[in-house]
A.B. asks: 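Pasting in a structure now, in structure tokens, and then I'll have a few things to ask.
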Amino acid sequence: MYKDQSAHKSIAFHLVKHMRWLVPLILFLAHGFGAVAQTKIPKRAQRQLDDAIEKYMKRDVRGAFEAVNAALRDAPTCADAWMLKSQLHEGQSEWVPAAHALNQAIASNGELLRKWREKLARLEFRAGSYEAALAVVEGGVITDSLLEACIRFAADAVKQPMELNPAPLAGTLNSDAPEYYPALYATGDRMIFTRQIGGDARMTGQEDFYEARLSDDGTWNVFRELVEINTPGNEGAPTVRGDGRQLIFTACDGLDGAYGRRTGEGSCDLFYADFDVSEGRFRREINIVDLNSKAWESQPSLSSDGRWLFFVRAYRNQDGRVIQDIYQSERQSDNSWSRPARLPKTINTDGREENPVLHSDGKTLYFASNGHAGMGGLDLFVSRRQPDGSWSKAENLGFPINSSGDENSLQVFPDGKTALFATDREVPGNLDLWQFELPGHATAESVVLWSGEVLDATSKRPIRASVQVLDRFGNTIGQQTSSSVDGGFTLTFPVTERVILQIDEPGYGSYSKTLEPAEGQDPFVSIALQRLQVGTVLVLNDVRFERSSAALDASFQPDLEQLARTLNGTNLRIRIAGHTDGEGSAERNQVLSENRAMAVARFLEDLGIDPSRMETIGYGMSQPIATNETSEGRAQNRRTEIEIIQ
């Protein structure tokens with residue numbers, strides 16, 4: 001797996017670059033040298049050790065290594081020299097030699113273990129030597145409870161590895177340049193990704209966006225560069241709405257502190273760009289001022305419907321400690337964003353959280369963290385939004401998805417089980433996008449698309465309407481506004497759920513349809529809404545009555561609640577007509593239809609509709625619109641019609 005090293009993720013560069021050398025050295029000098037007595041070493045070795053310390057203080061790491069190695073050649077059992085060498089390797093994130101050097105120091109002077117047991121356990125853990133780390137922990141007491149939990153988790157996890165069989169994406173997407181940070185469309189056959197052009201992204205090269213498509217032969221091929229967004233600076237960490245009609249990404253200030261053609265609030269900010277359907281390209285990006293601050297905002301993840309945005313914010317608190325957590329914000333009716341809210345402690349920790357990715361099911365959140373029990377560095381976790389809006393306890397994705405290094409940049413396809421990640425395992429230094437199948441505990445729900453257009457029934461012109469998917473209790477799964485240019489919309493919902501599809505626009509009759517889990521859905525639907533005027537008849541097929549009764553079912557009534565919303569915005573008068581199927585006697589069905597019409601009127605009255613605006617009538621079985629010989633036909637005949645009469 002991959003941890004992005006670009007400017008957009010390097011919080012160390014922006015917030016702690018001046019501290020990372022000084023603090024370890026202070027700790028080393030305070031607690032390492034002279035901590036215990038040791039055998040006197042030759043004067044030349046002492047001079048070389050002093051020289052190594054001086055070079056380290058001047059940030060001359062290479063010189064410090066040369067000097068400490070020279071000291072060890074003259075004094076191979078010098079514990080202080082081994083301690084310094086361990087510190088030098090640790091500063092370079094070279095965990096294996098760091099652990100080896102500290103072990104050599106302890107071998108030279110056994111009294112060091114008492115003071116440095118926790119440090120040794122940490123280095124063995126980061127080196128991936130989990131059994132050795134566990135032995136250190138079980139041989140004494142350490143105060144870091146998270147470290148101990150990580151060691152025990154990792155030592156157990158490696159004994160139960162999962163089979164992944166990752167493979168690089170075929171096609172022209174992967175190249176000799178690094179590719180990372182994929183952003184999938186809800187269709188699963190298109191993505192926007194980041195490519196690093198020439199050297200380190202912040203110093204000598206740059207990061208740009210490209211778009212790729214999945215071909216019929218299973219290969220991923222680049223078909224365009226996002227020239228309308230790319231600049232000589234860096235663009236990174238893209239995310240797209242499910243239909244690809246909005247892009248949100250991160251841009252950071254340059255070495256000169258400026259944003260180029262953009263205007264920024266902090267060191268890294270979030271920007272959005274809407275897709276121009278007629279031009280076939282994104283419009284000029286705009287700073288999301290509702291979310292950006294003087295801090296560091298990056299790594300956005302937009303929900304498939306565009307309603308929720310997750311991102312990472314990092315800043316220094318009053319104690320000087322770097323806080324890096326995941327936040328969420330909800331899009332408001334005026335297209336602004338709500339005040340960002342930090343996700344709860346089931347996700348955020350005292351450590352670092354980053355790279356949130358919300359799956360198209362709208363409830364499964366993948367993210368990276370070093371604050372939960374894991375394998376070392378940043379591990380990948382999953383948390384799921386619960387029906388009450390809370391988030392479940394974070395679950396580690398396990399080994400070998402996670403390793404002793406840093407994992408990041410995960411995306412999951414609409415099927416909920418196929419995942420993408422960036423890795424340089426094939427060519428060190430050249431990141432490519434690979435895919436693999438997630439184990440069962442880490443999967444999201446498979447989703448289906450509801451995509452189409454909303455048009456005026458008479459003029460056939462596109463309508464900008466509210467489009468939403470509800471669960472069987474009336475809770476919103478996805479919500480979007482159809483395009484005023486072409487009426488287009490795209491929403492996703494879990495394939496296993498019973499859902500209600502609804503469309504509303506003031507001045508028009510509404511649309512509502514209930515889909516059962518096993519029921520298919522056309523890939524693209526064209527929905528024509530009728531203007532509300534005298535003579536307009538709306539057919540409600542999902543008014544839920546008790547069987548053979550005029551009593552309304554106590555469950556959610558999607559059609560009637562939607563009708564009440566429509567009528568509350570007008571002064572229209574309506575006639576409610578009840579119809580039955582052809583089963584039973586005509587007399588009984590006549591009475592049933594009349595009573596059902598009156599029950600609907602009472603329901604609407606309870607929702608605020610003045611009874612003087614409603615009249616009722618029952619037609620029994622006298623006006624069928626389909627055959628009564630089939631269950632499907634009878635279901636169509638059992639209906640409620642709403643006619644505009646004034």
A.B. asks: Under 3.5 Å, is there a donor-acceptor pair between the Glu265 and Ser293 side chains?
C.D. replies: no
A.B. asks: Residues in side-chain contact (heavy atoms from CB on, under 4.5 Å) with Lys417, at least two apart?
C.D. replies: Asp415, Glu437, Thr443
A.B. asks: Does Asp274 have any side chain to side chain donor-acceptor pair (under 3.5 Å) partners at least two apart in sequence or in another chain, and if so, which?
C.D. replies: Gln246
A.B. asks: Donor-acceptor check, side chain of Ser451 to backbone of Phe524, threshold 3.5 angstrom: yes or no?
C.D. replies: no
A.B. asks: Scan residues 461-471 for pairs that pass side chain to side chain donor-acceptor pair (under 3.5 Å), counting only residues two or more places apart or in two chains.
C.D. replies: Asp471-Asn475
A.B. asks: For Arg261, which residues count as a side chain to side chain donor-acceptor pair (under 3.5 Å) partner, sequence neighbours excluded?
C.D. replies: Glu285
A.B. asks: Output, in order, the C-alpha distance, side-chain angles, deciding distance and verdict of side-chain contact (heavy atoms from CB on, under 4.5 Å) for Asn430 and Asp424.
C.D. replies: CA-CA 5 Å; Asn430 179 25; Asp424 65 352; 5.6 Å; no
A.B. asks: Would you call Tyr180 and Gln196 a side-chain contact if the rule is heavy atoms closer than 4.5 Å?
C.D. replies: yes
A.B. asks: State, with a plain yes or no, whether a side-chain heavy atom of Ile500 is found less than 4.5 Å away from one of Gln562.
C.D. replies: no
A.B. asks: Is Asp361 reaching over with its side chain to a backbone N or O of Pro494, donor-acceptor style, under 3.5 angstrom?
C.D. replies: no
A.B. asks: Knowing that exactly one of Arg190, Gln411, His359 qualifies, which makes a side-chain contact (heavy atoms from CB on, under 4.5 Å) with Leu184?
C.D. replies: Gln411
A.B. asks: If the threshold is 4.0 Å, N to carboxylate O, is there a salt bridge linking Arg352 and Asp406?
C.D. replies: no
A.B. asks: Taking atom CG of Asp176 as the centre, report whether more than 12 heavy atoms of other residues, nucleotides or ligands fall under 6.0 Å from it.
C.D. replies: no
A.B. asks: Can you tell me how far apart CD1 (Ile503) and CH2 (Trp450) are? Round to the nearest 0.5 Å.
C.D. replies: 4.0 Å
A.B. asks: Do other residues, nucleotides or ligands put more than 12 heavy atoms under 6.0 Å from the CG atom of Asp350?
C.D. replies: no
A.B. asks: Please check if atom CD in Glu163 has more than 12 non-hydrogen atoms from other residues, nucleotides or ligands closer than 6.0 Å.
C.D. replies: no
A.B. asks: Are a donor atom and an acceptor atom from the side chains of Ser512 and Asp559 found within less than 3.5 Å of each other?
C.D. replies: yes
A.B. asks: Donor-acceptor check, side chain of Gln530 to backbone of Ala457, threshold 3.5 angstrom: yes or no?
C.D. replies: no
A.B. asks: Quick test of your reading: applying salt bridge (charged side-chain N to carboxylate O under 4.0 Å, His left out), list the pairs with at least one residue in residues 392-403, sequence neighbours left out, ordered by first then second residue.
C.D. replies: none
A.B. asks: Determine whether a donor-acceptor pair (N or O, by modelled atom type, separation under 3.5 Å) exists between the side chain of Tyr366 and the backbone of Leu397.
C.D. replies: no
A.B. asks: For residues 491-509, which residue pairs pass the salt bridge (charged side-chain N to carboxylate O under 4.0 Å, His left out) check, not counting sequence neighbours?
C.D. replies: Lys363-Glu497, Arg498-Glu516, Asp504-Arg565
A.B. asks: Can you confirm whether Val312 sits close enough to Trp296 that some side-chain heavy atom of one is under 4.5 Å from a side-chain heavy atom of the other?
C.D. replies: yes
A.B. asks: Can you name the residues that form a side chain to side chain donor-acceptor pair (under 3.5 Å) with Arg384, not counting sequence neighbours?
C.D. replies: none
A.B. asks: Under 4.5 Å between any side-chain heavy atoms of Gln299 and Thr250, yes or no?
C.D. replies: no
A.B. asks: In sequence, state the C-alpha distance, the side-chain angles, and the governing distance for Asp208 and Arg195, and then conclude on side-chain contact (heavy atoms from CB on, under 4.5 Å).
C.D. replies: CA-CA 6 Å; Asp208 283 339; Arg195 177 174 285 168; 5.7 Å; no
A.B. asks: Can you list everything that forms a ring-ring contact (aromatic ring centres under 6.0 Å, His included) with Phe282? Sequence neighbours excluded, please.
C.D. replies: Phe275
A.B. asks: Between CG of Asp305 and OG1 of Thr490, what distance do you get to the nearest 0.5 Å?
C.D. replies: 11.0 Å
A.B. asks: Output the distance between atom CG (Leu169) and atom CE (Met191), rounded to the nearest 0.5 Å.
C.D. replies: 5.5 Å
A.B. asks: Quick check against the 3.5 Å criterion: does Thr239 have a side-chain atom that pairs as donor or acceptor with the backbone of Leu302?
C.D. replies: yes
A.B. asks: Between Asp243 (side chain only) and Phe489 (backbone N and O only), is there a donor and an acceptor less than 3.5 Å apart?
C.D. replies: no
A.B. asks: Distance check, rounded to the nearest 0.5 Å: Ile326 atom CD1 versus Glu353 atom CD?
C.D. replies: 6.0 Å
A.B. asks: Could you pull out the closest heavy-atom pair between Ala295 and Tyr315, with the gap in Å?
C.D. replies: CB-CB, 3.8 Å
A.B. asks: Checking Ala394 now: which residues fulfil side-chain contact (heavy atoms from CB on, under 4.5 Å) with it, not counting sequence neighbours?
C.D. replies: Phe367, His372, Phe381
A.B. asks: Quick one: side-chain contact (heavy atoms from CB on, under 4.5 Å) partners of Asp216, sequence neighbours excluded?
C.D. replies: none
A.B. asks: Going from OG1 on Thr514 to CG on Leu470, what distance comes out if it is rounded to the nearest 0.5 angstrom?
C.D. replies: 9.0 Å
A.B. asks: I need the minimum non-hydrogen distance between Pro356 and Ser301, along with the two atoms involved.
C.D. replies: O-CB, 3.1 Å
A.B. asks: Just wondering, do Phe436 and Ile401 contact through their side chains at under 4.5 Å, heavy atoms?
C.D. replies: yes
A.B. asks: Show me the pairs that pass salt bridge (charged side-chain N to carboxylate O under 4.0 Å, His left out) and involve residues 320-337, at least two apart or across chains.
C.D. replies: Arg307-Glu330, Asp325-Arg342
A.B. asks: Run Leu378 and Glu407 through side-chain contact (heavy atoms from CB on, under 4.5 Å) and show every step you take.
C.D. replies: CA-CA 6 Å; Leu378 288 163; Glu407 278 70 51; 5.8 Å; no
A.B. asks: Judged by atom type as modelled, is there a donor-acceptor pair below 3.5 Å linking the side chain of Asn402 to the main-chain atoms of Asp379?
C.D. replies: no
A.B. asks: If you measure from CG on Leu529 to CD1 on Ile463, what distance do you get to the nearest 0.5 Å?
C.D. replies: 4.5 Å
A.B. asks: Evaluate side-chain contact (heavy atoms from CB on, under 4.5 Å) for Leu226 paired with Glu211, printing each intermediate quantity in order.
C.D. replies: CA-CA 7 Å; Leu226 271 62; Glu211 188 167 2; 3.9 Å; yes
A.B. asks: Quick one: does Ser303's side chain have a donor or acceptor within less than 3.5 Å of a partner on Trp308's backbone?
C.D. replies: yes
A.B. asks: Do Pro414 and Thr492 have side chains that get closer than 4.5 Å, going by heavy atoms?
C.D. replies: no
A.B. asks: Pairing donors with acceptors under 3.5 angstrom, does anything connect the side chains of Asp456 and Tyr508?
C.D. replies: yes
A.B. asks: Are Phe473 and Pro387 packed together at the side-chain level, in the sense that at least one heavy-atom pair is separated by less than 4.5 angstrom?
C.D. replies: no
A.B. asks: Is the ring pair Phe311/Tyr327 parallel, tilted or perpendicular, if the boundaries are 30 and 60 degrees?
C.D. replies: parallel
A.B. asks: Short question: side chain of Ser215, backbone of Asp217 - any donor-acceptor pair under 3.5 Å?
C.D. replies: no
A.B. asks: Quick one: list whatever passes side-chain contact (heavy atoms from CB on, under 4.5 Å) with Leu214, sequence neighbours left out.
C.D. replies: Asp189, Trp220
A.B. asks: Without swapping roles, check the side chain of Asn221 against the backbone of Gly171 for a donor-acceptor pair under 3.5 Å.
C.D. replies: no
A.B. asks: In the structure I gave you, are the side-chain heavy atoms of Phe413 and Leu420 within less than 4.5 Å of one another anywhere?
C.D. replies: yes
